[in-house]
*Asks:* 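Encoded as structure tokens, here's the structure I'll be asking about.
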Amino acid sequence: MRIAVPSLPILLSAALLLAGCDWAPSKSEPELAPPSPPISARGNPSRDIDGLRRHVPIDVEVSPLPMARVENFDVRRGRAYPMQPPTIPHSIDGYQVDLNSNRCMLCHARANAPQFQAPEVSVTHYMDRDDQFLATISARRYFCLQCHVTQTDAQPLVANEFVDIDTLLQRERRE
Ligand code: HEC
Ligand code: HEC
């Protein structure tokens, strides 16, 4: 009987493997600049114009901020600029919006809002582009998250001194 003898290269690589020897040709690692030291999320909003890069030089990798958590406190926030779509004061995990159903409208449609104690979408959401009022939500307003975003605990990246009209009127009345 003839015993099959493994060929020399196989024997050799097996021996090297057993010896724990790294025989693969060493790849030269591309040199990366070390990540920047952590910089506060706020940076210096009064001076910075590059809120997103937080003054990290362009050839240095930015150490990313921790991911923001969605807040679910039902506390409405003031607007940050005129005509801002209000931010969503509740979490929206698993709320489906697609061709067949719109979970947001379950609570925010005019007919259902009182039952869920939710603010109903304003009339603008029922208007088509010719300003005609429709019976159901306008196609232009169907995908709510196009305009409305959830609230997170992220720090503002740029300074903002916007004062909304209600506050302005209040100030005027006081004077
Ligand atoms: C289970 C019912 C329910 C569903 C579903 C729901 N909401 Fe709400 N929403 C509320 C209630 C109630 C409030 C009032 C504030 C609060 O109690 O959280 C509210 C508040 C809001 C506000 C704040 C309005 C304002 O004037 O400040 C926005 C914007 C909003 N929701 C958008 C959405 C969007 C977008 C979706 C779908 C992704 C959605 N909601 C799904 C119940 C709901
Ligand atoms: C094209 C942008 C856009 C889309 C899409 C949109 N909204 Fe709005 N939404 C706004 C703006 C802007 C306002 C504030 C001014 C106004 O009422 O028109 C607003 C206001 C609201 C308010 C507060 C109404 C009030 O009287 O305080 C609610 C609640 C709301 N939207 C829910 C929704 C829901 C639910 C959807 C999806 C079915 C949706 N929006 C889709 C832009 C949008």
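Order of listing sets the numbers, starting from 1, for every ligand and every atom in it.
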*Asks:* Can you tell me which residue and heavy atom of the protein come closest to atom 32 (C) of ligand 2, and the distance to 0.1 Å?
*Replies:*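 Closest protein heavy atom to atom 32 (C) of ligand 2: Val121 CG1, 3.3 Å.
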*Asks:* Could you pull out, from Cys104, Gly78, Cys107, Pro89, the option with a heavy atom nearest to atom 22 (C) of ligand 1?
*Replies:*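 Heavy atom nearest to atom 22 (C) of ligand 1 belongs to Pro89.
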*Asks:* Does any N or O atom in Tyr95 lie less than 3.5 angstrom from one in ligand 1, N or O only?
*Replies:*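 No - when backbone and side-chain N and O of Tyr95 are compared with those of ligand 1, no distance drops under 3.5 Å.
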*Asks:* Answer yes or no: does an N/O atom from His108 fall short of 3.5 Å to an N/O atom of ligand 2?
*Replies:*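 By distance alone, the answer is no.
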*Asks:* Looking only at distances, can you tell me whether any N or O atom of His125, backbone or side chain, sits closer than 3.5 Å to an N or O atom of ligand 2?
*Replies:*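 Indeed, backbone or side chain, His125 has an N or O that close.
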*Asks:* Looking at Met83, which atoms of ligand 2 are within less than 4.0 Å of one of its heavy atoms?
*Replies:*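 Matching atoms, with element in brackets: 12 (C).
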*Asks:* Could you tell me if any non-hydrogen atom of Arg79 lies under 4.0 Å from any atom of ligand 2?
*Replies:*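 The answer is yes, since Arg79 has a heavy atom less than 4.0 Å from ligand 2.
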*Asks:* Can you tell which part of Cys144 has a heavy atom less than 4.0 Å from ligand 1: side chain, backbone, both or neither?
*Replies:*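 Cys144 to ligand 1: side-chain contact only, backbone stays beyond 4.0 Å.
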*Asks:* Any N/O of Gln84 closer than 3.5 Å to an N/O of ligand 2?
*Replies:*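 Between Gln84 and ligand 2 (N or O atoms, distance only) the closest approach is not under 3.5 Å.
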*Asks:* Within the structure, does His148 bring an N/O atom to less than 3.5 angstrom of an N/O atom in ligand 2?
*Replies:*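 Yes.
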*Asks:* Return the option from Pro85, Pro119, Gly94 holding the heavy atom at the smallest distance from atom 24 (C) of ligand 1.
*Replies:*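 Nearest option to atom 24 (C) of ligand 1, by heavy atoms: Pro119.
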*Asks:* Quick check: does any side chain N or O of Tyr142 sit under 3.5 Å from a backbone N or O of Asp98, one acting as donor and the other as acceptor?
*Replies:*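 Yes, because the side chain of Tyr142 sits within donor-acceptor range (under 3.5 Å) of the backbone of Asp98.
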*Asks:* If we set the cut-off at 4.0 Å for heavy atoms, which region of Ile92 has an atom near ligand 1: side chain, backbone, both, or neither?
*Replies:*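 It is the side chain that gets close, since no backbone atom is under 4.0 Å.
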*Asks:* What part of Thr87, side chain, backbone, both or neither, has a heavy atom within less than 4.0 angstrom of ligand 1?
*Replies:*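 Looking at Thr87 and ligand 1, just backbone atoms fall under 4.0 Å.
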*Asks:* Check whether any protein heavy atom sits under 4.0 Å from atom 13 (C) of ligand 2.
*Replies:*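 For atom 13 (C) of ligand 2 the answer is yes, since some protein heavy atom falls inside 4.0 Å.
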*Asks:* What protein heavy atom is closest to atom 17 (O) of ligand 2, reported as residue, atom name and distance in Å?
*Replies:*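 Minimum-distance protein heavy atom for atom 17 (O) of ligand 2 reads Ser122 OG, 2.4 Å.
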*Asks:* May I ask you to decide if Pro119's main-chain N or O and His108's side chain share a donor-acceptor pair within less than 3.5 Å?
*Replies:*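 Present.
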